[in-house]
Amino acid sequence: MTPGVAATALRGRGSGPGDRADRARAGQLLLGTGIDSLGSGLSAGAAMLYFVTMVGLAPGAVTLAMSAGAVLGILTPVPVGRLADRYGLVRVYVGALVLRGVGVLCYATATSYPAFFAFTLWLMALETTTFPLQQSLLGAVFEEGARVRLMTRVRAVRSAAFGVGAVVAGLALASGSRSLVVALLMVNGASFLVLAWTVLLIGRAAPDAGAVAGSRTAAAPDAERPAPGRPVLKDLRFLGLCLSNGLLSLHETVLLVLMPLWLVVELGLSPALPGLLTALYTGLTVVLQLVLGRLRWTEAATGGTLLVSGAFLAAACLVCAVADGLTAAAWQVVLCVLAVVLLTVGENLQMVAAWQTVFDLAPPERRGEYMGAFNTGSGVQSVIGPTLTHRVVLPLGPAGWLLLAGLLGGAAIAFGSLAKGAQASRTARSEDQGANV
């Protein structure tokens, strides 16, 4: 992490005192994110194999706990988002981070299955809440022109730091030292506490520190409070956006679950290839996020960009369908590399455009609730995606890849249409409220 990275997160703005303060907050956020993601990479790369190979838990029991935690994680973002809207974004975000940090520290000392199961549920229930809270904090603290650029920097730092952590975790597991792996898990727990402190500093230094640290609507005089928006569970168009985004997020399962199985089991290629393609994806993601952060059009990324994203994701599936029908291993590898490149470009465009669209559509006084609901779509994908791709797409061969291409393209079209309708409805409501004032 360097001052230059923090400064470029807000490039294009002036150099007055307020801008220097924004750059300082951006640097704090990026540094905290890097430390947190490094710790998460250490944990993700070591935890499952640690509990199976060193603690001695059965693989089936471990995956059962993780599946139960994934289901629980779907249910937590919306209520936690409501708490943030009511009691203050910084207060709730810091609390969630501290609970995650303490949970990981306890997790590292678990030696029995009941303890492992309990801590897994604890951590996975909280894991899905902190990213939408971070998104809400970024939107609340930084001005509109800097949000998307900084979000791309955050994601680049997350990807790079997570990758480094995963590599270190692999080396620790290869050493066979249980104490070393436990120490890495402890480092992950401490990283959440570092990020919690960083969030406190950002909240205190924010231009509207009282509104960010406490309840935004409670901090405003009665005459200035915004008209309450609808609860997210009653906003059917927004829920449709969440579902569409969840389908688009299948790219995660395609890369991490479907492609490794397909490459090794169906095509008979080297088991080393999935790891190399994942490394390509990680490196390309970091580069793309830095590039996207410098492009002005990302500040206005909307449903149209989602259509482009869907086209890239669908094209990746079409390339895999062609590779599935070939017999020459060399051409299969070439097409798989091309598919990963297309998939990575599509994913990064989707992340930028979807976040900006949803942030603009969420009622300010319910932003935590809406951001939590939106990220729930990705959580649902993580539960049903592996089964869908393994049980449906993989057995169908090229036809399965064509089906997946149609699903991703259709989800992008649906997202764009729903976003356009939601924006028109929001504009109409704003005009009606202005006429009644």
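Residue Val264 comes nearest to Pro274 through the heavy atom pair CG2-CG, 4.0 Å, listed as atom of the first residue, atom of the second, then distance. In terms of heavy-atom proximity, Ser191 sits nearest to Asn188 at OG-O, 2.5 Å. The shortest non-hydrogen separation linking Tyr50 to Ala108 is OH-O, 3.8 Å. When all heavy atoms of Thr357 and Ala353 are compared, the pair lying nearest together is OG1-O, 2.8 Å. Nearest approach of Leu184 to Ala169, heavy atoms of both residues: CD1-CA, 4.0 Å. Between Pro59 and Val52, the closest heavy-atom pair is CG-CG1, 3.9 Å.
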Would you mind writing out the side-chain donor-acceptor pairs for residues 248-261 within the sub-3.5 Å range, not counting sequence neighbours?
residue, atom, partner, partner atom, Å
Ser249, OG, Asn245, O, 2.8
His251, NE2, Gln350, OE1, 2.7
Thr253, OG1, Gln381, OE1, 2.2

Throw together a table of side-chain donor-acceptor distances under 3.5 angstrom for residues 279-287, partners on residues two or more places apart or in other chains.
residue, atom, partner, partner atom, Å
Tyr281, OH, Glu347, OE1, 3.0
Tyr281, OH, Glu347, OE2, 2.8
Thr282, OG1, Thr278, O, 3.0
Thr285, OG1, Tyr281, O, 2.8

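Remark: the backbone N or O of Gly73 is paired with a side-chain donor or acceptor of Thr76 at under 3.5 angstrom. Judged purely by atom type and a 3.5 angstrom limit, Asn348 has no side-chain atom pairing as donor or acceptor with the backbone of Leu288. Side-chain atoms of Ser244 come within 3.5 Å of backbone atoms of Gly240 as a donor-acceptor pair (strictly under, hydrogens ignored). Side-chain atoms of Tyr113 come within 3.5 Å of backbone N or O of Ala61 as a donor-acceptor pair.
Taking Ile74 as the reference, Thr376, Val380, Val383 meet the side-chain contact (heavy atoms from CB on, under 4.5 Å) condition, with sequence neighbours excluded. Residues passing the side chain to side chain donor-acceptor pair (under 3.5 Å) test with Trp401: none are found, sequence neighbours excluded. Phe51 meets the ring-ring contact (aromatic ring centres under 6.0 Å, His included) test with Tyr107, Phe116; sequence neighbours excluded. Shown here are the side-chain contact (heavy atoms from CB on, under 4.5 Å) partners of Val80, two or more places apart in sequence or in another chain: Val92, Thr129, Leu133. Applying the side-chain contact (heavy atoms from CB on, under 4.5 Å) rule to Ala68 yields the partners Phe117, Leu121; only residues at least two apart in sequence or on another chain are considered. Contacts of Thr130 classified as side chain to side chain donor-acceptor pair (under 3.5 Å), with partners at least two apart in sequence or in another chain: Arg100. Under the side chain to side chain donor-acceptor pair (under 3.5 Å) criterion, Ser177 pairs with Ser179, sequence neighbours left out. Leu276 pairs by the side-chain contact (heavy atoms from CB on, under 4.5 Å) definition with nothing, not counting sequence neighbours.
Around CZ of Phe312, the count of heavy atoms belonging to other residues, nucleotides or ligands within 6.0 Å does not exceed 12. The neighbour count for Met54 CE, taken as heavy atoms of other residues, nucleotides or ligands under 6.0 Å away, is above 12.
Remark: Leu361 CG to Met371 CE distance equals 10.5 Å, nearest 0.5 Å. Considering CG of Leu126 and CG of Leu97, their distance stands at 9.0 Å, rounded to 0.5 Å. Annotation: the span from Ser175 atom OG to Leu173 atom CG amounts to 7.5 Å, rounded to 0.5 Å.
Residue pairs that meet the salt bridge (charged side-chain N to carboxylate O under 4.0 Å, His left out) test with at least one member in residues 368-377, sequence neighbours left out, are Arg82-Glu369, Arg366-Glu369. Pairs passing the ring-ring contact (aromatic ring centres under 6.0 Å, His included) check and including a residue from residues 55-80, sequence neighbours excluded, do not occur.
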